Amino acid sequence: MTTSYEVAVRAEAELGEGPTWDAVTGRLLWIDILGSRLHTYDPATGRRAVRRTEQHIGAVKPRAGGGLVLNLRDGIGLLDPDGGFRWLHHDPVAGRRANDAAVAPDGALWTGTMRYDEAPGGGTLSRVTGDGSVDVVLDDVAVSNGTGWSPDGRLMYYVDSPTRRVDVFDHLDGRITGRRTLAEIEESAGFPDGLTVDAEGCVWVALWQGSAVRRYTPDGELDRVIELPVPLVTACAFGGADLSDLYITTARVGLTEPPALAGSLFVVPGAGKGLAQPPFAG
């Protein structure tokens, strides 16, 4: 294992987020939420592509039948393989936008929202099935962020950033119970943001205002830290043909003098072993 980072894509994303490995295409997907841009990166060729979205985008994930599912400001949208767009669930709320999302082992999309002013209780965490059915699971969230599952699917990890906690739930048949704290982030280390779970069941969490990604064991012990040259580290995910490379997104929003690499996509080759992520079943 290594903790040496490289710059995968030098960029100036305002709010880079949501790295996701698309195993079918062999590309990494990531977004710029406030820049309304969907990025793709092919590490084998170095090729990049950028697609502008019509509104702020919180997350993007591959679909089982091809195309992509988008967590957008006003709801859940589908991009078909031919590039056509349609709404799966349209639910605009004034002052609210989409944020991070993740696909559960059963193919359901767990989507987060938040208010632009980050007001406590203004956000939600919902479970969206392939037919567009929506179940609001948590309705008292400030900044809904990282979500992920243990290798056996029995645990779900979740971050509501202002709490400075990584929480864990028991997960069964799309329902969560028994919320408790896996890890608390001390004030000097920033706020927990996006997360991913590796094949050993350890939780990697990006630290907003913390210039780092941390790995916690299933028992909540901190066992690795990857330091980065930018303060706003937003999310992380494993990618590459063998899922051993850790990709990390960053931001520059609100920085009066952003470092040169703020908003870039980083990669830590050979960081560990990720879990294959299921596509959205819609």
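For this chain, numbers begin at 1 and follow the sequence in order. Keep in mind that this is a model prediction, so the values were computed, not measured.
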Geometric class of the W30/H39 ring pair [parallel <30°, tilted 30-60°, perpendicular >60°]: parallel
Below 30° counts as parallel, above 60° as perpendicular, anything between as tilted: where do the rings of F85 and W87 land? perpendicular
Yes or no on salt bridge (charged side-chain N to carboxylate O under 4.0 Å, His left out) for D160 and R165, after CA distance, side-chain angles and deciding distance? CA-CA 7 Å; D160 180 1; R165 300 193 312 266; over 6 Å; no
Salt bridge or not for D173 and R175, using N-O below 4.0 Å? no
Answer whether the closest heavy-atom distance between the side chains of Y157 and T147 falls below 4.5 Å. no
Side-chain contact test, heavy atoms from C-beta onward, threshold under 4.5 Å: evaluate it for Y216 versus W204 and give yes or no. no
State whether R96 and D91 are salt-bridged, where the test is any N-O pair (Lys NZ or Arg NE/NH1/NH2 against Asp/Glu carboxylate O) under 4.0 Å. yes
Determine whether the side chains of S244 and K273 contain a donor N or O and an acceptor N or O closer than 3.5 Å. no
Hydrogens and angles aside, do N145 and N99 bring a side-chain donor and acceptor to less than 3.5 Å of each other? yes
Is it the case that atom CD in E54 sees more than 12 heavy atoms from other parts of the structure closer than 6.0 Å? no
R154 side chain reached by H171 side chain, heavy atoms, under 4.5 Å: no
R127 with D106: basic N within carboxylate O range, under 4.0 Å: yes
Taking C-beta and beyond as the side chain, do L28 and L265 meet within less than 4.5 Å on heavy atoms? yes
Please tell me if the side chains of E17 and D193 come closer than 4.5 Å, counting only heavy atoms from C-beta onward. yes
Check the side chains of T113 and T124 for a donor-acceptor pair under 3.5 angstrom, ignoring hydrogens and angles. yes
Find the distance between OG (S36) and CD1 (I31) and round it off to the nearest 0.5 Å. 9.5 Å
A quick test of your reading: do over 12 heavy atoms of other residues, nucleotides or ligands sit less than 6.0 Å from CZ of R51? no
Using a strict threshold of under 4.0 Å (side-chain N to carboxylate O), is an ion pair present between R215 and E221? no
Apply ring pair (Phe, Tyr, Trp, His ring centres under 6.0 Å) to W110 and Y158, showing your working. CA-CA 11 Å; W110 290 62; Y158 178 67; 8.8 Å; no
Give the intermediate values and the outcome of side chain to side chain donor-acceptor pair (under 3.5 Å) for residues T234 and T249. CA-CA 6 Å; T234 58; T249 49; 2.7 Å; yes
Got a second to check how far L70's CG is from L109's CG, nearest 0.5 Å? 10.0 Å
For residues L255 and L261: do they belong to one hydrophobic cluster (side chain heavy atoms under 4.5 Å, members Ile, Leu, Val, Met, Phe, Trp, Tyr)? no
Tell me whether the count of non-hydrogen atoms from other residues, nucleotides or ligands lying under 6.0 Å of CD in E227 goes above 12. no
Name of the residue among I185, V166, V203 meeting side chain to side chain contact (heavy atoms under 4.5 Å, CB included) with V159: V166
For atom CD of E186, is the number of surrounding heavy atoms from other residues, nucleotides or ligands below 6.0 Å larger than 12? yes
Across all chains, not counting sequence neighbours, the salt bridge (charged side-chain N to carboxylate O under 4.0 Å, His left out) partners of D42 are none
Thinking salt bridges, do D167 and R180 make one under a 4.0 Å N-O criterion? no
Show, in sequence, the C-alpha distance, side-chain angles and deciding distance for T217 and D219, and conclude whether the side chain to side chain donor-acceptor pair (under 3.5 Å) test is met. CA-CA 5 Å; T217 69; D219 295 327; 4.8 Å; no
Rounded to the nearest 0.5 Å, the CD atom of E12 sits from the OG atom of S264 at a distance of 7.5 Å
Taking the side chain as C-beta and beyond, is there a heavy-atom pair between L275 and F238 under 4.5 Å? no
Check whether any side-chain heavy atom of T111 sits under 4.5 Å from a side-chain heavy atom of H89, and report yes or no. no
Does a sphere of radius 6.0 Å around CG in D139 hold more than 12 heavy atoms from other residues, nucleotides or ligands, not counting ones at 6.0 Å or beyond? no
Taking the side chain as everything from C-beta on, heavy atoms only, tell me whether W21 gets closer than 4.5 Å to P62. no
